[in-house]
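Only one structure is covered here, and it is reproduced in the block below.
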Amino acid sequence: MINPRYKAFSVAASEGSLTKAAELLNYSPSGVSQLITALEKELGFPLFERSKKGLTITSNGSAILPVIRELLSQEERLQQVISEIHGLSVGVINIGAYSSIASHWLPGLINQFCHQYPGIKINMMEGIHQKNEEWLNNRTVDLVFFSYKKNMSYDWIPLADDPMVAVLPKSHPRANDSSYPIKEVVRESFIMPAQGRDDDVIDLLKRHHIQPKISFSTLENFAALALIEEGLGMSIMNNLITLNYQCDVVKLPVDPPSSIKLGIAIPSLENASPAVRRFIDFAKQKLMQP
């Protein structure tokens, strides 16, 4: 049985509001408040600072939150194992992902999976690499779809290589070339997505000792593509994120060629719940390159 005090604390920490937590948990706000107060008494220290603006987690609360979420994850895993023994496929899977993967891979994948396993519920969140790592580390999500980085402390399941491309306005002098020399970036007005923190692009430029002149930073790649269409600069992106956008731009492979490795990261595949392992196997079957 999942501990209701732990669950109330975890959801309230995510939402920053007793009212929102109550809606998600099907409790009254006072009921959620009582569960959290009871947990605080049990632990001997406050978990939140309460104000009219909502809840702010304390430093002690932040310290125990990943542990609480790990306990909740193990309780969920226990329930799923019991269900598996009884021949049922049930559970909840929380997924983090790059926006490119969330837009192009996951909708169809989740649709097919949920048709095959209707008893398994899937929640999805999208964000940049740093945000996905944060969600994974504090156990907000069970697994993430993003790019491989050296020395990651997770189990890694590779799925596909995604080439990096230069995205140029149609008026660019190199718009008709067959490729774009990466060294030319130093001469460009550069548009950086992901709030100026696109790890994949930054890593590529660092490998070539390039410091770009960033003219604009955008949250979403779509905004960057729109700026490029207007001739306000150029950018480097992984190809997947550029698909299906209706922008009149030019995409060229970078020279020398470069790609990122996309896949699934999970704290421990061995300790994952049956539902999570089933989803990973399904994703490998549908997405893994031969």
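Residue indices begin at 1 and follow the sequence shown.
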- Query: Mind checking whether Trp156 and Phe146 have parallel, tilted or perpendicular rings, split at 30° and 60°?
  - Reply: tilted
- Message: Any side-chain to backbone donor/acceptor pair from Asn132 onto Ile128? Under 3.5 Å, distance only.
- Response: yes
- Are any side-chain N or O atoms of Asp198 and backbone N or O atoms of Ala194, one a donor and one an acceptor, separated by less than 3.5 Å? no
Residues [X] and [Y]: side-chain donor-acceptor under 3.5 angstrom:
X: Ser10; Y: Arg5; value: no
X: Tyr180; Y: Glu188; value: yes
X: Ser258; Y: Arg207; value: yes
X: Ser147; Y: Asp200; value: yes
X: Glu75; Y: Gln79; value: no
X: Thr58; Y: Asn60; value: no
X: Asn238; Y: Asp162; value: yes
X: Arg139; Y: Ser73; value: no

- Task: Given side-chain contact (heavy atoms from CB on, under 4.5 Å), test Val249 with Lys170 step by step and report yes or no.
- Result: CA-CA 6 Å; Val249 297; Lys170 295 188 74 173; 5.7 Å; no
- Task: I would like to know whether Ile95 and Phe279 meet side-chain contact (heavy atoms from CB on, under 4.5 Å); could you show each step before the answer?
- Result: CA-CA 10 Å; Ile95 299 172; Phe279 182 80; 3.5 Å; yes
- Report yes if the distance between the aromatic ring centroids of Phe145 and Tyr98 is under 6.0 Å, otherwise no. no
- Query: Less than 6.0 Å separating the ring centroids of Phe9 and Phe48?
  - Reply: yes
Using a strict 4.0 Å threshold on nitrogen-to-oxygen distance, state whether [X] and [Y] make a salt bridge.
X: Arg50; Y: Glu40; value: yes
X: Glu134; Y: Lys131; value: yes
X: Lys183; Y: Asp255; value: no

